[in-house]
Amino acid sequence: MSYLEELFSLKGKVAIVTGAARGNGAAIALGLHKAGANVIVVDVIPSVNNELKTYFCDITQRQDLEELVETTLKNHGKIDILVNNAGISLGTDQEFYPTENWDKTLAVNLTAPFNLTKMVLDSMKRQGAGSIINITSLNAELGFPDNPAYVASKGGLKQFTKSVAYDYGKYGIRANNVGPGYMHTVMTDKSWNDQELHEQRKNRTLLGRWGQPGDLIGTVIYLASDASSYVTAQDLYVDGGWLAKGL
(Lines give C-alpha, C1' and ligand atoms only; values in the text may rest on other atoms or scores of the structure.)
Protein backbone atom coordinates (compact mmCIF):
# COMPACT_ATOMS: atom_id res chain seq x y z
CA MET A 1 0.00 0.00 0.00
CA SER A 2 1.41 3.39 -1.01
CA TYR A 3 1.73 6.31 1.38
CA LEU A 4 -1.34 8.05 -0.05
CA GLU A 5 -3.38 4.84 -0.02
CA GLU A 6 -2.48 4.31 3.61
CA LEU A 7 -3.25 7.92 4.53
CA PHE A 8 -6.78 7.74 3.16
CA SER A 9 -7.42 4.07 3.86
CA LEU A 10 -10.39 3.04 5.99
CA LYS A 11 -9.39 -0.62 6.12
CA GLY A 12 -10.71 -2.24 9.29
CA LYS A 13 -12.84 0.78 10.19
CA VAL A 14 -16.52 0.39 11.06
CA ALA A 15 -18.89 3.04 9.76
CA ILE A 16 -22.59 3.73 10.30
CA VAL A 17 -24.29 5.84 7.60
CA THR A 18 -27.92 6.87 8.03
CA GLY A 19 -30.28 7.50 5.14
CA ALA A 20 -27.88 5.49 3.00
CA ALA A 21 -30.18 3.44 0.80
CA ARG A 22 -30.21 5.98 -2.01
CA GLY A 23 -29.07 9.45 -3.04
CA ASN A 24 -26.22 11.18 -1.21
CA GLY A 25 -26.17 8.56 1.53
CA ALA A 26 -25.84 5.67 -0.90
CA ALA A 27 -22.89 7.33 -2.64
CA ILE A 28 -21.21 8.05 0.69
CA ALA A 29 -21.75 4.51 1.96
CA LEU A 30 -20.36 2.93 -1.21
CA GLY A 31 -17.38 5.27 -1.16
CA LEU A 32 -16.54 4.37 2.43
CA HIS A 33 -16.94 0.68 1.56
CA LYS A 34 -14.54 0.95 -1.39
CA ALA A 35 -12.05 2.73 0.87
CA GLY A 36 -12.03 -0.37 3.07
CA ALA A 37 -14.60 0.31 5.78
CA ASN A 38 -17.23 -2.11 7.04
CA VAL A 39 -20.34 -0.02 6.37
CA ILE A 40 -23.71 -0.35 8.05
CA VAL A 41 -26.31 1.13 5.70
CA VAL A 42 -29.17 2.46 7.82
CA ASP A 43 -32.53 3.26 6.24
CA VAL A 44 -36.20 2.33 6.06
CA ILE A 45 -35.96 1.19 2.42
CA PRO A 46 -33.70 -1.33 0.63
CA SER A 47 -30.30 -0.14 -0.56
CA VAL A 48 -29.79 0.61 -4.25
CA ASN A 49 -26.23 -0.74 -3.89
CA ASN A 50 -26.03 -4.46 -4.54
CA GLU A 51 -22.78 -4.58 -2.57
CA LEU A 52 -24.40 -3.25 0.61
CA LYS A 53 -27.48 -4.44 2.47
CA THR A 54 -29.77 -2.21 4.48
CA TYR A 55 -30.03 -2.38 8.24
CA PHE A 56 -33.68 -1.40 8.55
CA CYS A 57 -34.12 1.21 11.26
CA ASP A 58 -36.48 4.10 12.03
CA ILE A 59 -34.02 6.66 13.36
CA THR A 60 -36.80 8.64 15.03
CA GLN A 61 -37.30 5.73 17.43
CA ARG A 62 -34.80 5.64 20.27
CA GLN A 63 -35.20 1.86 20.73
CA ASP A 64 -34.36 1.26 17.07
CA LEU A 65 -31.18 3.31 17.45
CA GLU A 66 -30.18 1.46 20.60
CA GLU A 67 -30.61 -1.86 18.79
CA LEU A 68 -28.58 -0.54 15.84
CA VAL A 69 -25.65 0.40 18.06
CA GLU A 70 -25.85 -2.81 20.09
CA THR A 71 -25.95 -4.96 16.93
CA THR A 72 -23.04 -3.08 15.37
CA LEU A 73 -20.89 -3.48 18.49
CA LYS A 74 -21.84 -7.14 18.79
CA ASN A 75 -20.94 -7.86 15.16
CA HIS A 76 -17.92 -5.60 14.76
CA GLY A 77 -16.74 -4.73 18.26
CA LYS A 78 -16.42 -1.01 17.64
CA ILE A 79 -17.72 2.05 15.80
CA ASP A 80 -15.11 4.29 14.18
CA ILE A 81 -17.20 6.50 11.91
CA LEU A 82 -20.71 7.89 12.13
CA VAL A 83 -22.24 9.76 9.20
CA ASN A 84 -25.54 11.40 10.11
CA ASN A 85 -26.85 11.82 6.59
CA ALA A 86 -30.58 11.03 6.82
CA GLY A 87 -32.81 14.02 6.26
CA ILE A 88 -36.23 15.06 5.05
CA SER A 89 -37.50 18.28 3.50
CA LEU A 90 -41.16 19.21 3.87
CA GLY A 91 -41.59 22.50 2.06
CA THR A 92 -44.98 24.14 1.65
CA ASP A 93 -46.45 27.28 0.15
CA GLN A 94 -48.91 27.66 3.01
CA GLU A 95 -48.75 31.06 4.71
CA PHE A 96 -48.25 29.45 8.10
CA TYR A 97 -45.88 26.50 8.17
CA PRO A 98 -47.62 23.38 9.59
CA THR A 99 -46.51 22.35 13.07
CA GLU A 100 -46.69 18.71 11.99
CA ASN A 101 -44.05 19.35 9.29
CA TRP A 102 -41.86 21.12 11.82
CA ASP A 103 -42.02 18.23 14.28
CA LYS A 104 -41.34 15.57 11.64
CA THR A 105 -38.41 17.46 10.14
CA LEU A 106 -36.65 18.15 13.42
CA ALA A 107 -37.20 14.56 14.57
CA VAL A 108 -35.28 13.20 11.57
CA ASN A 109 -32.81 15.99 10.84
CA LEU A 110 -31.75 17.04 14.33
CA THR A 111 -33.06 14.89 17.18
CA ALA A 112 -32.05 11.59 15.56
CA PRO A 113 -28.44 12.72 14.97
CA PHE A 114 -28.29 13.89 18.59
CA ASN A 115 -29.53 10.55 19.91
CA LEU A 116 -27.37 8.39 17.66
CA THR A 117 -24.26 10.47 18.29
CA LYS A 118 -24.80 10.17 22.03
CA MET A 119 -25.08 6.39 21.71
CA VAL A 120 -21.82 5.91 19.79
CA LEU A 121 -19.69 8.21 21.93
CA ASP A 122 -18.99 5.62 24.66
CA SER A 123 -17.50 3.22 22.13
CA MET A 124 -15.40 5.97 20.57
CA LYS A 125 -14.22 7.15 23.99
CA ARG A 126 -13.03 3.64 24.89
CA GLN A 127 -10.89 3.40 21.78
CA GLY A 128 -9.68 6.99 22.03
CA ALA A 129 -10.71 7.92 18.50
CA GLY A 130 -13.71 8.47 16.26
CA SER A 131 -14.98 10.60 13.40
CA ILE A 132 -18.51 12.00 13.38
CA ILE A 133 -19.57 13.56 10.09
CA ASN A 134 -22.86 15.43 9.94
CA ILE A 135 -24.39 16.21 6.56
CA THR A 136 -25.78 19.72 6.73
CA SER A 137 -26.74 21.90 3.77
CA LEU A 138 -26.47 25.31 2.17
CA ASN A 139 -29.47 25.98 4.38
CA ALA A 140 -27.22 25.90 7.43
CA GLU A 141 -25.94 29.26 6.14
CA LEU A 142 -28.66 30.64 3.88
CA GLY A 143 -32.39 31.16 4.20
CA PHE A 144 -34.41 29.38 1.51
CA PRO A 145 -38.18 30.00 1.14
CA ASP A 146 -41.16 28.05 2.44
CA ASN A 147 -39.26 25.55 4.56
CA PRO A 148 -38.32 26.97 7.97
CA ALA A 149 -38.04 23.53 9.57
CA TYR A 150 -35.36 22.39 7.13
CA VAL A 151 -33.38 25.61 7.50
CA ALA A 152 -33.63 25.50 11.30
CA SER A 153 -32.72 21.81 11.53
CA LYS A 154 -29.63 22.15 9.35
CA GLY A 155 -28.49 25.25 11.20
CA GLY A 156 -28.99 23.42 14.47
CA LEU A 157 -27.10 20.38 13.22
CA LYS A 158 -24.18 22.58 12.21
CA GLN A 159 -23.88 24.01 15.71
CA PHE A 160 -24.48 20.64 17.39
CA THR A 161 -21.41 19.36 15.55
CA LYS A 162 -19.28 22.12 17.03
CA SER A 163 -20.58 21.30 20.50
CA VAL A 164 -19.60 17.63 20.10
CA ALA A 165 -16.18 18.61 18.77
CA TYR A 166 -15.63 20.86 21.78
CA ASP A 167 -16.79 18.39 24.44
CA TYR A 168 -15.22 15.21 23.07
CA GLY A 169 -12.03 16.39 21.40
CA LYS A 170 -10.16 15.48 24.57
CA TYR A 171 -11.02 11.84 23.87
CA GLY A 172 -9.63 11.93 20.34
CA ILE A 173 -13.11 12.23 18.80
CA ARG A 174 -13.50 14.58 15.86
CA ALA A 175 -16.77 16.06 14.56
CA ASN A 176 -17.19 17.93 11.28
CA ASN A 177 -19.90 19.09 8.90
CA VAL A 178 -20.20 18.44 5.18
CA GLY A 179 -22.63 20.81 3.48
CA PRO A 180 -23.85 19.67 0.06
CA GLY A 181 -24.85 22.23 -2.50
CA TYR A 182 -27.76 21.65 -4.85
CA MET A 183 -27.41 17.95 -5.59
CA HIS A 184 -29.45 15.87 -8.01
CA THR A 185 -31.30 13.35 -5.84
CA VAL A 186 -34.88 12.19 -5.47
CA MET A 187 -35.42 15.16 -3.14
CA THR A 188 -34.54 17.64 -5.92
CA ASP A 189 -36.05 15.81 -8.92
CA LYS A 190 -38.80 18.42 -9.33
CA SER A 191 -36.42 21.32 -9.91
CA TRP A 192 -33.97 19.12 -11.87
CA ASN A 193 -36.74 18.31 -14.36
CA ASP A 194 -38.01 21.90 -14.57
CA GLN A 195 -35.92 23.58 -17.30
CA GLU A 196 -36.14 27.07 -15.81
CA LEU A 197 -35.36 25.98 -12.25
CA HIS A 198 -32.63 23.65 -13.49
CA GLU A 199 -30.83 26.55 -15.19
CA GLN A 200 -31.30 28.82 -12.18
CA ARG A 201 -29.70 26.28 -9.84
CA LYS A 202 -26.87 25.59 -12.28
CA ASN A 203 -26.08 29.25 -12.83
CA ARG A 204 -26.02 29.93 -9.09
CA THR A 205 -22.74 28.01 -8.82
CA LEU A 206 -19.22 29.03 -9.82
CA LEU A 207 -18.66 25.71 -11.59
CA GLY A 208 -21.80 26.04 -13.68
CA ARG A 209 -23.33 22.66 -12.86
CA TRP A 210 -25.46 20.79 -10.37
CA GLY A 211 -23.79 18.56 -7.84
CA GLN A 212 -24.06 14.79 -7.99
CA PRO A 213 -24.02 12.45 -4.95
CA GLY A 214 -20.61 11.14 -6.00
CA ASP A 215 -19.16 14.61 -5.51
CA LEU A 216 -19.42 14.07 -1.74
CA ILE A 217 -17.37 10.88 -1.56
CA GLY A 218 -13.87 12.35 -1.48
CA THR A 219 -14.71 14.88 1.22
CA VAL A 220 -16.31 12.27 3.48
CA ILE A 221 -13.42 9.81 3.03
CA TYR A 222 -11.00 12.61 3.91
CA LEU A 223 -12.88 13.44 7.12
CA ALA A 224 -13.27 9.77 8.05
CA SER A 225 -9.60 8.94 7.52
CA ASP A 226 -6.29 9.76 9.16
CA ALA A 227 -5.71 12.33 6.43
CA SER A 228 -7.83 14.73 8.51
CA SER A 229 -6.50 13.75 11.93
CA TYR A 230 -6.09 17.40 13.00
CA VAL A 231 -9.39 18.62 11.50
CA THR A 232 -12.40 19.08 13.74
CA ALA A 233 -15.36 21.45 14.21
CA GLN A 234 -15.17 22.50 10.55
CA ASP A 235 -17.79 23.18 7.89
CA LEU A 236 -16.78 21.86 4.45
CA TYR A 237 -19.18 22.88 1.71
CA VAL A 238 -19.33 20.80 -1.44
CA ASP A 239 -21.42 23.31 -3.34
CA GLY A 240 -19.67 24.18 -6.58
CA GLY A 241 -19.01 27.64 -5.19
CA TRP A 242 -22.66 28.49 -4.45
CA LEU A 243 -21.95 30.20 -1.11
CA ALA A 244 -19.09 32.27 -2.54
CA LYS A 245 -20.88 33.60 -5.61
CA GLY A 246 -21.92 37.24 -5.52
CA LEU A 247 -23.12 39.19 -8.53
Side-chain angles (χ1 to χ4, degrees), residues 17-20 23-25 28 42 59-60 62 65 82-121 131-169 173-188 190-191 200-201 204-206 210-211 213 215-216 219-220 223 228 231-246:
V17 185
T18 66
N24 293 338
I28 290 168
V42 179
I59 63 171
T60 66
R62 191 185 302 264
L65 292 179
L82 170 62
V83 183
N84 285 307
N85 167 78
I88 60 172
S89 176
L90 301 176
T92 176
D93 57 3
Q94 297 181 41
E95 183 176 1
F96 298 105
Y97 191 78
T99 301
E100 179 183 5
N101 287 10
W102 176 275
D103 291 342
K104 286 181 179 179
T105 302
L106 266 68
V108 173
N109 295 8
L110 188 56
T111 302
F114 166 76
N115 285 329
L116 185 51
T117 298
K118 186 169 63 172
M119 292 175 191
V120 305
L121 283 170
S131 177
I132 296 168
I133 302 167
N134 290 328
I135 306 301
T136 58
S137 168
L138 290 171
N139 294 110
E141 303 289 344
L142 302 173
F144 279 24
D146 303 323
N147 205 340
Y150 191 79
V151 176
S153 66
K154 292 301 184 178
L157 185 60
K158 170 190 168 180
Q159 292 304 107
F160 170 63
T161 302
K162 297 181 188 302
S163 177
V164 172
Y166 194 110
D167 292 338
Y168 293 91
I173 298 169
R174 300 181 297 109
N176 292 285
N177 293 313
V178 173
Y182 231 84
M183 318 297 282
H184 181 209
T185 65
V186 172
M187 189 181 291
T188 59
K190 183 177 180 181
S191 48
Q200 286 178 1
R201 306 292 188 263
R204 186 61 186 81
T205 72
L206 295 177
W210 281 57
D215 291 321
L216 297 168
T219 303
V220 173
L223 290 175
S228 62
V231 178
T232 195
Q234 299 304 306
D235 306 301
L236 298 183
Y237 286 94
V238 185
D239 67 350
W242 183 299
L243 283 175
K245 187 170 184 179

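Of all non-hydrogen atoms in D215 and M183, the two that sit nearest each other are CB-CE, 4.2 Å. Considering all non-hydrogen atoms of both residues, T219 and V238 come closest at OG1-CG2, 3.5 Å. Between T232 and A165 the shortest heavy-atom distance is OG1-CB, 3.5 Å. The two residues V178 and V220 have their closest heavy-atom pair at CG2-CG2, 4.4 Å. Pairing each heavy atom of L206 with each of A244, the nearest pair is CD1-CB, 4.2 Å. Contact between P98 and T92 at its shortest, heavy atoms only, is CD-CG2, 3.6 Å.
Enclosure of atom CZ in F160 by more than 12 non-hydrogen atoms of other residues, nucleotides or ligands within 6.0 angstrom is indicated. Atom CZ of F144 has more than 12 heavy atoms from other residues, nucleotides or ligands within 6.0 Å.
Counting heavy atoms from C-beta outward, L243 and L138 have side chains that approach closer than 4.5 Å. Put simply, the side chain of I59 does not reach to within 4.5 Å of the side chain of L116, judged on heavy atoms. With a 4.5 Å cut-off on side-chain heavy atoms, W210 and S191 count as touching. The shortest side-chain heavy-atom distance between D239 and T205 does not fall under the 4.5 Å cut-off.
One distance of note links CE of M119 with CG of L65; it measures 5.0 Å at 0.5 Å rounding. Going from atom CG of L223 over to atom CD1 of I132 covers 12.5 Å, rounded to the nearest 0.5 Å. Expressed to the nearest 0.5 Å, how far CG of N177 lies from CG of D235 amounts to 4.5 Å. Here Y237 contributes atom OH and S137 contributes atom OG; the two are 8.0 Å apart, rounded to the nearest 0.5 Å. Taking CD of Q234 as the start and NZ of K162 as the end, the distance is 6.0 Å to the nearest 0.5 Å. Rounding to the nearest 0.5 Å gives a distance of 9.5 Å between CD1 of I135 and OG1 of T161.
When atom types are taken as modelled, the side chain of N176 and the backbone of A233 share a donor-acceptor pair closer than 3.5 angstrom. Of the possible donor and acceptor atoms, none in the side chain of R204 sits under 3.5 Å from a partner among the backbone N and O of Y182. Within the 3.5 Å criterion, the main-chain N or O of N85 finds a donor-acceptor partner in the side chain of T18. With N134 contributing its side chain and P113 its backbone, the two residues share no donor-acceptor pair below 3.5 Å.
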Using distance only, find each side-chain donor-acceptor pair of residues 101-108 under 3.5 Å and give its atom names and separation, not counting sequence neighbours.
unit_1 : atom_1 : unit_2 : atom_2 : d
K104   : NZ     : E100   : OE2    : 3.1
T105   : OG1    : N101   : O      : 2.8

Worksheet item: Are L157 and N109 close enough, and set up right, to give a side-chain contact (heavy atoms from CB on, under 4.5 Å), and what steps lead you there?
Response: CA-CA 8 Å; L157 185 60; N109 295 8; over 6 Å; no
Discussion item. The test is side-chain hydrogen bond (donor to acceptor under 3.5 Å, both in side chains); show your working for S89 and N147 and say whether it passes.
Written reply: CA-CA 8 Å; S89 176; N147 205 340; 2.8 Å; yes
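Side chains of N84 and T117: a donor on one and an acceptor on the other come within 3.5 Å.
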